[in-house]
Amino acid sequence: MVTKENKGQDGRAPLIGQDGRRKENNYMVYLSTFVAVCGSFSFGTGVGYSSPSEAGIKKDLNLTIAQYSLFGSILTFGAMIGAVASGPMADFFGRKGAMRISSIFCIGGWLAIYLAQGPVPLDTGRLATGYGMGVFSYVVPVFIAEIAPKQLRGLLTAANQLLIIAGVSVSFVIGTLLHWRTMALAGLIPCVVLLVGLSLIPESPRWLAKIGKQAEFDFALRKLRGTDVDVSEEAAEIKDYIETLDKLPKARLFDLFQTRYLKSVIIGVGLMIFQQFGGINGICFYASSIFASAGFAADIGTITYAVLQVVVTTLNALFIDKAGRKPLLLVSVTGMALGCLLAAASFYMKTYQIALAAAPALAVTGILLYIAGFSLGMGAVPWVIMSEIFPINIKGTAGGLVTLVNWAGAWAVSYTFNFLLTWSSYGTFLLYAAVNVACIVFVINLVPETKGKTLEEIQAAINHH
């Protein structure tokens, strides 16, 4: 173990002191991230649950299509409530406290679904798991960004998105094997792991410093960085930053629109609007039927889609600290725009009966290119940047706003997708392509590069523009 080696060097303690940055022992950071991303995995299983369980639930509980779509979409509604509550909860109960409450909601929700004999307990359970997910979607990336050393922050924050995708994919796969009630029980596993794990890891040192718990702050930072590491420099930087913030008033929603915060808010909210209105949820919920209408086996298509998403999201996590946030976003959105154009071309050919033999291949290529593009950057990076760009005094309010915008966008896009397709199938994809092109312009002009900087340096960079 790393700790033994460090103990063995006790004779050369001053050396470790001078070179403290290199001798970090990140075991506790990795463990804390693992525990937190169980929340992300739980979030993924919730999103992925409704698709494979549809037939079984409709049959066993005699639900109409309208009742089932309420069950599917009430999740997003619960998540919007969770998103609004998440910032204040994380500020009041702490990052760990918010994750603990969120797990309890998810556990209650999954049990209600497991025991449901009719639509009411089913929807109540779905609403509760949605609430838990809305809280997780904000607290997990913020907690990770606050505990991670700067050279690992992108990688670890991107693990959040990777586990959401893994949760969705696992649900898709086991959903074909398990009864929907058994699957609801399986949804409890990540929540229970998270609840137990929270007792083993420290709270976010930045939050402890913010509420003035000095001793706990020192203890948490030492626990995260390893006992033999000189943390005085990092501790001083966090404390200075918190002290300057203490002089500022507590943020209310309207304060976010003051000049000094406006740029951060525009970046955070803008990225989420582009992430959702670029069409991801419409395409995601609709992938299997797009494959089918293109004459491609739907289950092969869906599995290819799930695997591709996991593989590319892993690449994103590995490259985000090396390539930087901005290049990944640009490559990603370009891929999405091209994917939309290919899909639009395919539907156009189908509508006007041109070169019909080529249409299916174009649609499938377009969708897969789009997903690869999305997973490479647009999926994870907006959440990483959200956890980095807000000063800690407005982080709760601003993060809640950004998360709410994201879920509201997700709801709007999945709700309008079918109507748009009936209006014009190729028009829908041209519309999404246009949004993605606008996003490229937005990223080039407004989004700062945040890799390899401390959270405090990022603030200075945004405010001096």
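Numbers here simply count residues along the sequence, with the first being 1.
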- Query: Parallel under 30°, tilted from 30 to 60°, perpendicular over 60°: which one fits the rings of Phe347 and Phe429?
  - Reply: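 Parallel.
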**Request:** Could you label the plane-to-plane angle of the Tyr49 and Trp110 rings as parallel, tilted or perpendicular, counting under 30° as parallel and over 60° as perpendicular?
**Result:**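 The rings of Tyr49 and Trp110 stand perpendicular, inter-plane angle above 60°.
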Where the side chain of [X] meets the backbone of [Y], is there a donor-acceptor pair that is under 3.5 Å apart?
X      : Y      : result
Ser346 : Leu342 : no
Arg153 : Ala145 : no
Ser86  : Tyr138 : no
Asn25  : Gly226 : no
Gln309 : Val311 : no
Ser332 : Met378 : yes
Ser387 : Val142 : no
Lys350 : Ser425 : no
Ser103 : Met99  : yes
Lys326 : Ile444 : yes

Got [X] and [Y] here, is their nearest side-chain heavy-atom distance under 4.5 Å?
X      : Y      : result
Ser50  : Arg126 : yes
Thr403 : Met272 : no
Ser53  : His179 : no
Phe93  : Ile101 : yes
Val384 : Pro141 : no
Thr397 : Leu401 : no
Tyr348 : Ile354 : yes
Phe274 : Asn436 : no

Quiz item: Is Glu203 salt-bridged to Lys223, going by a charged N under 4.0 Å from an acidic O?
Solution: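 Salt bridge between Glu203 and Lys223, a charged N being under 4.0 Å from a carboxylate O: no.
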- Residues Glu456, Arg206: salt bridge by 4.0 Å N-O rule: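 Salt bridge between Glu456 and Arg206, a charged N being under 4.0 Å from a carboxylate O: yes.
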Open item on the list: Restricting to salt bridge (charged side-chain N to carboxylate O under 4.0 Å, His left out), what partner residues turn up for Arg325, sequence neighbours left out?
Closed with: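 Salt bridge (charged side-chain N to carboxylate O under 4.0 Å, His left out) check on Arg325 returns Asp321, Glu388.
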Worksheet item: Should Phe43 and Val168 be marked as a side chain to side chain contact (heavy atoms under 4.5 Å, CB included) after you check the CA-CA gap, both sets of side-chain angles, and the distance that decides it?
Response: CA-CA 8 Å; Phe43 167 3; Val168 175; over 6 Å; no
Identify which one of Val402, Leu455, Ile462 satisfies the side-chain contact (heavy atoms from CB on, under 4.5 Å) criterion when paired with Phe390.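 Going through Val402, Leu455, Ile462 one by one, the side-chain contact (heavy atoms from CB on, under 4.5 Å) with Phe390 is satisfied by Val402 alone.
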Would you confirm whether the ring centroid of Tyr131 sits within less than 6.0 angstrom of the ring centroid of Phe105?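 Between Phe105 and Tyr131, the centre distance is under 6.0 Å.
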If you draw a 6.0 Å radius around CZ in Phe34, do more than 12 non-hydrogen atoms from other residues or ligands fall strictly inside?
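Result for CZ/Phe34: open.
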Query raised in the report: How long is the span from the CD atom in Gln459 to the OG1 atom in Thr454, to the nearest 0.5 Å?
Result: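 These two atoms lie 10.0 Å from each other.
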Which residue pairs pass the side chain to side chain donor-acceptor pair (under 3.5 Å) test when at least one of the two sits in residues 265-276, sequence neighbours left out?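 Every pair satisfying side chain to side chain donor-acceptor pair (under 3.5 Å) with a residue in residues 265-276: Gln275-Asn406, Gln276-Asn281, Gln276-Asn406.
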- Query: According to the side chain to side chain donor-acceptor pair (under 3.5 Å) rule, which pairs have a member within residues 154-166, sequence neighbours left out?
  - Reply: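 Of all non-adjacent pairs touching residues 154-166, those that pass side chain to side chain donor-acceptor pair (under 3.5 Å) are Ser40-Asn160.
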| query | With a 3.5 Å cut-off and no angle check, do the side chains of Ser137 and Trp407 form a donor-acceptor pair? | reply |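 Trp407 and Ser137 do have a side-chain donor-acceptor pair below 3.5 Å.
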*asked:* Could you check whether Asp60 and Trp180, counting side-chain N and O atoms only, form a donor-acceptor pair closer than 3.5 Å?
replied: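 The criterion, which ignores hydrogens and geometry beyond distance, is satisfied for Asp60 and Trp180.
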